[in-house]
Amino acid sequence: MAKAARMSVWLEESRAGRGRRSEQPSGLDRERITDATVKLLDAEGLAKFSMRRLAGELGVTAMSVYWYVDTKDDLLELALDRVFGEPEVAGTGAGGPDDGDWSEQVRRLATEYRALLVRHPWISPLVGSYLNIGPNSLEFSAVVQRVFARTGLPMNAQRGAIASVMQFVYGYGTVEGHFRQRCADVGMTQDEYFRRTMTTFTAPADKPEMLRHAEETMAQVEAGGTVEEIRDLDFHVALDLQIAGIAALVARESRN
């Protein structure tokens, strides 16, 4: 029978290093290992990550790494929480004050979360795989809840509003981050990749409308725009629709 996965590195006491204090590797600690993990994941992605590869980057043996963490999952969970502590994500400006426009704070949170997903494309599959209850993740979650509480919606509606915005951003940022990574993997810019696709793929004759939006995007790129600029515009239009929906719900609740 396969061994059951541990629930979370934050819930279970680590077995790493117990009873082997005299063997502690010099020059290592959990902070340094977590930092190296994030850098390696940023550089090579989740699929290529291994404890052996990490150990090579650190210049130690894999067993030295296991002195500080019990499993690869533990290390990925630590790395996930580390990036949620980046200032752009959990800064006090995002929802810290109790005054101000809640919609602008939602926009800032959404923009920061999108940037995080694009900057670290490896985190998107991990967000749903772990509990995300590390200190940085909990702080980010608290900021999100404080901002959405300012809408004035009742608690059950706040949860839905958070899901509406943050899961939209998760999906958008995940696709965007993975597309950027794919372009980098094949050695092309996003604009080059898009042009190559549009010049080698045509819609079926009986469905000319299939590529209508893509052709419009191509025209904008040829006119001097970029795929990134167009994607950014689309994101903010979609986010405006999300916020307008919340505002409509707030207005409906106030009439009841």
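The one candidate from Ser129, Ser8, Ser137 that meets the side-chain contact (heavy atoms from CB on, under 4.5 Å) condition with Glu77 is Ser8.
Between Leu80 atom CG and Ile123 atom CD1 the span is 6.0 Å, to the nearest 0.5 Å. Atom-to-atom distance recorded for Gln158:CD and Gln145:CD is 8.5 Å, nearest 0.5 angstrom. Rounding to the nearest 0.5 Å gives a distance of 12.5 Å between CG of Leu116 and OG1 of Thr111. Atom-to-atom distance recorded for Glu228:CD and Arg180:CZ is 5.0 Å, nearest 0.5 angstrom. Taking CG from Leu138 and CH2 from Trp10, the interatomic distance works out to 9.0 Å, rounded to the nearest 0.5 Å. Rounded to the nearest 0.5 Å, atoms CD (Gln190) and SG (Cys183) are 5.0 Å apart.
Enclosure of atom CE in Met7 is not indicated, since only 12 or fewer non-hydrogen atoms of other residues, nucleotides or ligands lie within 6.0 angstrom.
A salt bridge is defined here as a Lys NZ or Arg NE, NH1 or NH2 lying under 4.0 Å from an Asp or Glu carboxylate O, and Arg82 with Glu31 meets this definition. Salt bridge status for Arg107 with Asp240: present, with a side-chain N to carboxylate O gap under 4.0 Å. Taking the charged nitrogens against the carboxylate oxygens, Arg53 and Glu57 do have a contact shorter than 4.0 Å, which makes a salt bridge. Contact check on Arg108 versus Glu104 returns no salt bridge, with no Lys/Arg side-chain nitrogen under 4.0 Å from an Asp/Glu carboxylate oxygen. Between Asp74 and Arg30 there is no salt bridge, since no side-chain nitrogen of the basic residue lies less than 4.0 Å from a carboxylate oxygen of the acidic one.
When the side-chain hydrogen bond (donor to acceptor under 3.5 Å, both in side chains) test is applied to Glu253, no partner is found at least two apart in sequence or on another chain. Applying the ring pair (Phe, Tyr, Trp, His ring centres under 6.0 Å) test to His120 and every residue at least two apart in sequence or in another chain returns Trp122.
Under 3.5 Å, the side chains of Asp191 and Thr189 contain no donor-acceptor pair of N or O atoms. Checking Asp73 against Tyr130 by side-chain atom types alone, a donor-acceptor pair falls below 3.5 Å. With no hydrogens or angles considered, no side-chain donor-acceptor pair links Thr37 and Thr34 at under 3.5 Å.
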**Request:** Report the C-alpha separation of Leu239 and Tyr172 in whole Å, then their side-chain angles, then the decisive distance to 0.1 Å, and conclude whether the side chain to side chain contact (heavy atoms under 4.5 Å, CB included) test is met.
**Result:** CA-CA 10 Å; Leu239 182 57; Tyr172 201 97; over 6 Å; no
**Request:** Begin with the C-alpha distance, continue with both residues' side-chain angles, and end with the deciding distance and a verdict on side chain to side chain contact (heavy atoms under 4.5 Å, CB included) for Val127 and Ser124.
**Result:** CA-CA 5 Å; Val127 167; Ser124 56; 5.7 Å; no
**Item:** Test log, rule side chain to side chain contact (heavy atoms under 4.5 Å, CB included), inputs Asn132 and Phe140
**Value:** CA-CA 10 Å; Asn132 296 356; Phe140 180 68; over 6 Å; no
**Request:** Check the pair Leu78 / Ile33 against side chain to side chain contact (heavy atoms under 4.5 Å, CB included), numbers first and verdict last.
**Result:** CA-CA 10 Å; Leu78 291 169; Ile33 292 171; over 6 Å; no
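The heavy-atom pair separating Lys72 from Met51 by the smallest distance is CA-SD, 3.9 Å. The nearest pair of heavy atoms linking Phe148 to Thr151 is O-OG1, 2.6 Å. Closest non-hydrogen pair, Asp29 versus Tyr68, comes out as CA-CE2, 3.8 Å. Of all the heavy atoms in Leu28 and Arg32, the pair that sits closest is CD2-NH1, 3.6 Å. Taking every heavy atom of both residues into account, Ala157 and Leu249 meet most closely at CB-CD2, 4.3 Å. Contact detail for Pro121 and Pro125: the closest heavy-atom pair is O-CD, 3.9 Å.
Residues Val165 and Leu109 have side chains not in contact (no heavy-atom distance under 4.5 Å, counting atoms from C-beta outward). A 4.5 Å side-chain heavy-atom check between Thr61 and Ser64 finds at least one atom pair inside the cut-off. Within the 4.5 Å cutoff, the side chain of Arg114 has heavy atoms near those of the Asp232 side chain.
Hydrophobic clustering places Tyr66 together with Leu40 (ILVMFWY residues linked when any side-chain heavy atoms are closer than 4.5 Å, directly or through intermediates). Residue Leu54 is grouped with residue Val9 when hydrophobic side chains (ILVMFWY) are merged at heavy-atom distances under 4.5 angstrom, including chains of intermediate members. Clustering ILVMFWY residues whenever any of their side-chain heavy atoms sit less than 4.5 angstrom apart, transitively, puts Val69 in the very cluster that holds Leu11. A chain of hydrophobic side-chain contacts below 4.5 Å, direct or via other Ile, Leu, Val, Met, Phe, Trp or Tyr residues, connects Ile162 to Leu131. Note on Val144: it clusters hydrophobically with Val250, by side-chain heavy-atom contacts below 4.5 Å among ILVMFWY residues.
No donor-acceptor pair under 3.5 Å is formed between the side chain of Tyr113 and the backbone N or O of Val169. Looking at Ser164, its side chain never comes within 3.5 Å of a backbone N or O of Gly160 through a donor-acceptor pair.
Cation-pi geometry between Arg182 and Tyr193 is not satisfied (NZ or CZ under 6.0 Å from the ring centre, within 45° of the ring normal).
A distance below 6.0 Å separates the ring centres of Phe235 and Phe168.
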